[in-house]
Trainee: 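So that we are looking at the same thing, I have put the structure below in structure tokens.
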Amino acid sequence: MTVRPRRSVLYMPGSNARALEKARELPADCLILDLEDAVAPEAKAPARDSIVKALASGFGDREVMVRINGLDTRWWVDDLNAVLGGSARPDAILVPKISDPNQLQDLASRFVDLHTDPHVRIWAMMETPLAMLNAGRIAGASLDSETRLSGFVLGTNDLAKDTRARLVPGRAPMLPWLMTCVAAARAFGLSILDGVYNDLGNAEGFVEECKQARDLGFDGKTLIHPRQIEPCNETFSPSADEIAMARKMIAAFELPENANKGVVQIDGKMVERLHAEMAKQTVAIADAITKRKPV
């Protein structure tokens, strides 16, 4: 399986053709071309056209998602028809407000109708109270390959609005829901991205929230401004020391004399074989970051 870094994932409004053009020069690992919140109702149709043109021009080797409008709106079918109807397609469709696994089945049927390339995946936005209660069931829908479900994106602003939880430093009110979604995603082998940080003027607070998301187990963070990309990439990248230790763990368990051992000693510390498996993920991400080509 190809490992793709998803440290920094930048939302780009589909209605802003200039921003879409500029996105090709940005060092974000992934882009979300947005047809939902960032686009006014009267701008939906032109935004679709802009995104289709942008996809045709390409974004280098970075991953590209398109966030369609919610399945309870009148726009989502037209969104899919436009984005998936041409020869240039995104890597994934990001679907807002997934609260029940049955919604993924409905979406899967539409993909079949459109004869969608099997490489196009589905990502679900987890941003409602019901999604938090159904997180395990939603993640479990990925066992049905027709759903194409590959990952979760936290919609923390909408979640705060619907639950009336406050967005405070440290996110204490959010922590149970964040970890519920991380656990559900990992239980079924899905990737997971943290929600956005709203205060563009608070660079220190942003870095702290990136560190928190990294430590909680997220693969990366969704962003609302290009200035957030570099600190996000730095935070979610394995450090040189982490990479060196990971390689040392892997090498230790590959030694013939350790072939049947579950635990070995490295630099005075006891290291289990499961840590070597975790180390392989660290090295794979580090190698993928190194190989990323600039646009």
Trainee: Going by heavy atoms in the side chains, are Ile285 and Asp219 under 4.5 Å from each other?
Mentor: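 No, too far: nothing below the 4.5 Å cut-off.
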
Trainee: Nearest 0.5 Å please: distance from the CD1 atom of Ile93 over to the CG atom of Asp79.
Mentor: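 Between Ile93 CD1 and Asp79 CG, I get 8.5 Å after rounding to 0.5 Å.
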
Trainee: Closer than 4.0 angstrom, basic N to acidic O: yes or no for Glu277 and Lys280?
Mentor: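 Salt bridge between Glu277 and Lys280, a charged N being under 4.0 Å from a carboxylate O: yes.
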
Trainee: Heavy atoms, side chains only, cut-off 4.5 Å: are Arg24 and Ser57 in contact?
Mentor: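 The answer is yes, as the side chains (C-beta and beyond) meet within the 4.5 Å cut-off.
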
Trainee: Show, in sequence, the C-alpha distance, side-chain angles and deciding distance for Asp117 and Arg148, and conclude whether the salt bridge (charged side-chain N to carboxylate O under 4.0 Å, His left out) test is met.
Mentor: CA-CA 11 Å; Asp117 187 308; Arg148 304 172 183 238; 6.0 Å; no

Trainee: Where do Asn102 and Arg137 land on the side-chain hydrogen bond (donor to acceptor under 3.5 Å, both in side chains) test, with the steps shown first?
Mentor: CA-CA 10 Å; Asn102 291 329; Arg137 292 178 58 226; 5.5 Å; no

Trainee: I'd like to check Trp177 versus Thr156 (side-chain heavy atoms, cut-off strictly below 4.5 Å). Are they in contact?
Mentor: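 The answer is no, as the side chains (C-beta and beyond) never meet within the 4.5 Å cut-off.
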
Trainee: Does a side-chain N-to-carboxylate-O contact under 4.0 Å join Glu25 and Lys22?
Mentor: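 No, Glu25 and Lys22 are not salt-bridged.
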
Trainee: When you compare the side chain of Gln105 with that of Asp144, does any pair of heavy atoms fall below 4.5 Å?
Mentor: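 SC-SC contact between Asp144 and Gln105 confirmed.
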
Trainee: Considering only heavy atoms from C-beta outward, does the side chain of Met126 approach that of Ile192 to under 4.5 Å?
Mentor: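 With C-beta onward as the side chain, the pair stays apart.
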
Trainee: Looking at Glu208 and Pro169, would you say the former's side chain and the latter's main chain have a donor-acceptor pair under 3.5 Å?
Mentor: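 No; zero donor-acceptor contacts below 3.5 Å.
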
Trainee: Less than 4.0 Å between a side-chain N and a carboxylate O, is that true for Asp61 and Arg4?
Mentor: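 Salt bridge absent between Arg4 and Asp61.
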
Trainee: Do Ile289 and Pro238 come within less than 4.5 Å of each other through their side chains, counting heavy atoms only?
Mentor: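 A side-chain contact exists here, since the closest heavy-atom pair is under 4.5 Å.
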
Trainee: Please say whether more than 12 non-hydrogen atoms of neighbouring residues, nucleotides or ligands are located less than 6.0 Å from CE in Met278.
Mentor: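 No, not enclosed.
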
Trainee: Taking Asn134 for the side chain and Asp100 for the main chain, is one N or O donor matched with an acceptor at less than 3.5 Å?
Mentor: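 Side chain of Asn134 to backbone of Asp100, a donor-acceptor pair under 3.5 Å: no, none is there.
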
Trainee: Are side-chain heavy atoms of Val95 and Gln103 found at a separation under 4.5 Å?
Mentor: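 Side-chain contact under 4.5 Å: no.
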
Trainee: Atom CD of residue position Glu146 - does it have more than 12 heavy atoms of other residues, nucleotides or ligands inside 6.0 Å?
Mentor: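 Result for CD/Glu146: open.
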
Trainee: Check whether Lys221 reaches the backbone of Val9 with its side chain - one donor and one acceptor, N or O, closer than 3.5 Å.
Mentor: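 Absent.
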
Trainee: Check for a donor-acceptor pair, side chain of Asn69 on one end and backbone N or O of Thr73 on the other, with a separation under 3.5 Å.
Mentor: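 No.
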
Trainee: Atom CD of residue position Glu257 - does it have more than 12 heavy atoms of other residues, nucleotides or ligands inside 6.0 Å?
Mentor: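 More than 12 heavy atoms, drawn from other residues, nucleotides or ligands, come within 6.0 Å of this atom.
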
Trainee: Testing Val120, Leu80, Val83 for side-chain contact (heavy atoms from CB on, under 4.5 Å) with Leu114, which one passes?
Mentor: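 That would be Leu80; it is the only one of Val120, Leu80, Val83 passing the side-chain contact (heavy atoms from CB on, under 4.5 Å) with Leu114.
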
Trainee: Run the salt-bridge test on Lys97 and Asp37 with the 4.0 Å N-O cut-off and return the result as yes or no.
Mentor: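 Here Lys97 does not pair with Asp37 in a salt bridge, since their nearest N and O are not under 4.0 Å apart.
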
Trainee: With a 4.5 Å limit on heavy-atom distance, are the side chains of Asp267 and Met245 in contact?
Mentor: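 Yes, their side chains come closer than 4.5 Å.
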
Trainee: Can any side-chain N or O of Gln212 pair as donor or acceptor with the backbone N or O of Gly170 at less than 3.5 Å?
Mentor: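 Yes, because the side chain of Gln212 sits within donor-acceptor range (under 3.5 Å) of the backbone of Gly170.
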
Trainee: Is the backbone N or O of Ala252 less than 3.5 Å from a side-chain atom of Asn258, with the two atoms forming a donor-acceptor pair by type?
Mentor: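 Yes; judged by distance alone, with no hydrogens or angles, the pair exists.
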
Trainee: Is it true that Arg7 and Asp29 have a side-chain N and a carboxylate O under 4.0 angstrom from each other?
Mentor: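 Asp29 and Arg7: salt-bridged.
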
